[in-house]
Amino acid sequence: MYFSRRYFLQSLALGAAISPSASRLLANTPAEKKFPPCQALTQGPLFHWGAYYDQLHFDPSDRFVTGNEVDFQGRSPKPDDVIRVGLIDTSDKNRWTEIGTSCAWNWQQGPMLQWIPGRETFEEAEVIWNDREGDRFFSHVYSPHTGKYRELPGPAYVISPDGKFALYPDFARLNDTRPGYGYCGVSDRNASLAAPDDAGIWRMDLETGESRLIITFAQVADMAPPEGYSKGAKHWFNHLLIAPDSKRFLFLHRWRGKDEKSYWKTRLMTADADGGNIYVLNPHNMTSHLVWRDPKHVIAFARRPSHGDRFYVLEDQTQNDGVVGHEIMKVDGHVSYLPHTQQKWLLNDTYPDRNRIQRPFLFHIDTEETIPLGEFYLPPEFRGEWRCDLHPRSNRSGTKILIDSAHTGGRQIYMIDIRDTEIHRR
């Protein structure tokens with residue numbers, strides 16, 4: 001059973017509280033293992049996290065990092081729970097500057113606070129995050145260079161790489177069907193309908209705010225799998241992600257009926273950016289974390305007839321596939337490509353093992369070489385909806401990695417410096 005003594009001592013120096021379960025592990029901690037340097041960007045008594053792994057969390061200068069701040073943990077958000085969103089200045093002793101608040105958030109993805117792609121300098125840079133007023137979801141856009149704010153009439157889930165539009169699902173329905181990913185405070189007006197035709201996925205212009213419904217639940221439900229749906233199946237969409245050229249996007253179509261008592265079924269689907277040419281990329285009832293490799297290929301942890309549940313590279317609009325990490329990457333994780341490595345290195349992590357240890361790592365696709373980035377103990381109270389996944393995400397130059405960890409007993413943001421690892425010495 002292993003718990004990194006470095007992080008324990010670091011936490012003591014920061015004045016953080018160590019969970020009792022973490023303290024018990026220290027007596028059996030072996031000699032220090034060699035990992036890249038890791039520093040805490042935030043500290044208690046408040047709790048902080050950055051949220052999802054497939055977003056931009058560093059500004060174009062690699063100086064400012066996005067973060068969420070809250071004064072409680074261990075329960076679901078309530079409609080009146082307000083969190084603070086801020087920027088961490090890594091060049092000024094990790095100084096926190098609050099830039100706004102939100103009433104539309106969850107533990108896994110926060111309020112979708114992220115830098116808008118397509119802005120190449122700090123002077124152009126903008127951050128966006130979601131909020132709620134009454135029964136209306138909307139989004140804020142903020143320029144740290146000018147200090148100016150603007151508001152968009154809809155929320156944003158994912159931003160196109162060209163920075164021109166956002167896509168978003170029905171967050172109220174998602175909150176009912178997949179707690180931890182939707183937003184509370186607004187009731188699903190279609191709660192009694194299995195597949196409504198007036199809701200689904202919307203596209204919003206980031207300049208004008210013009211929004212339109214591009215894919216409906218009814219439309220996708222009508223594309224039934226050969227085996228059909230079990231009785232009472234209710235449909236929803238999750239995990240939208242736009243291709244690098246901004247021309248197509250992927251999403252997960254999920255449903256649950258009387259036969260799906262403890263889980264749900266999933267199809268991975270892709271479509272044109274305007275909602276046309278919908279294609280069932282993986283029809284085999286399970287797809288989890290995923291990322292675009294290029295405009296034509298997706299890497300996903302999925303179920304396929306050839307090798308079961310594994311990471312695959314899937315060719316869009318075909319059923320061509322290939323296994324990734326035959327002997328190493330056999331379990332699910334939050335996967336992305338490390339920038340500036342020609343899609344040769346993957347950034348990934350693991351869920352807690354039986355000793356509650358989470359591990360971020362780098363993986364070389366061609367050689368299956370693995371570079372471990374640390375070991376982080378997750379206290380047992382962090383389970384289910386309010387678990388604290390690492391969600392590793394890179395800066396734009398591929399030299400620093402952010403993670404969220406609760407190994408001190410409270411979730412905080414940490415930065416791992418990989419400039420001296422093997423990939424940057426070659």
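Along the sequence shown, the residues carry numbers beginning at 1. Side chains included, hydrogens not; waters and symmetry mates left out as well; all remaining heavy atoms used.
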Heavy-atom check, side chain of [X] versus side chain of [Y], under 4.5 Å:
X: Phe165; Y: Ile242; result: yes
X: Ile365; Y: Leu346; result: yes
X: Ile215; Y: Phe237; result: yes
X: Gln114; Y: His57; result: no
X: Tyr312; Y: Val324; result: no
X: Ile88; Y: Thr42; result: yes
X: His334; Y: Pro392; result: yes

By side-chain contact (heavy atoms from CB on, under 4.5 Å), which residues pair with [X], not counting sequence neighbours?
X: Leu213; result: Trp202, Thr216
X: Ser211; result: Tyr168, Met204
X: Asp62; result: Phe58, Asn395, Arg396, Ser397
X: Pro295; result: Pro244, Asp245

Please enumerate all residues that pass salt bridge (charged side-chain N to carboxylate O under 4.0 Å, His left out) together with [X], with sequence neighbours excluded.
X: Asp170; result: none
X: Arg119; result: Glu126, Glu207
X: Glu151; result: Arg136
X: Asp92; result: Arg95

Aromatic ring proximity, centroids under 6.0 angstrom, Trp107 and Trp49: yes

Ring-ring centroid check His253 Phe217, cutoff 6.0 Å: no

Residues Asn130 and Tyr183: side-chain donor-acceptor under 3.5 angstrom: yes

Donor-acceptor side-chain pairing of Thr266 and Arg254 below 3.5 angstrom: yes

Parallel, tilted or perpendicular: ring planes of Trp129 versus Tyr149, cut at 30 and 60 degrees: perpendicular

Parallel, tilted or perpendicular: ring planes of Phe122 versus His145, cut at 30 and 60 degrees: perpendicular

Spatial distance of atom OH (Tyr142) from atom CZ (Arg150) [nearest 0.5 Å]: 14.0 Å

Ionic contact status for [Y] with [X], cut-off 4.0 Å:
X: Arg248; Y: Asp316; value: yes
X: Lys78; Y: Asp80; value: no
X: Arg212; Y: Asp274; value: no

For [X], enumerate each residue passing the side-chain hydrogen bond (donor to acceptor under 3.5 Å, both in side chains) test, keeping only those at least two apart in sequence or located in another chain.
X: Asp294; value: His297
X: Ser187; value: none
X: Thr90; value: none
X: Arg132; value: none

Donor-acceptor under 3.5 Å (Asp89 side chain, Lys93 main chain): no

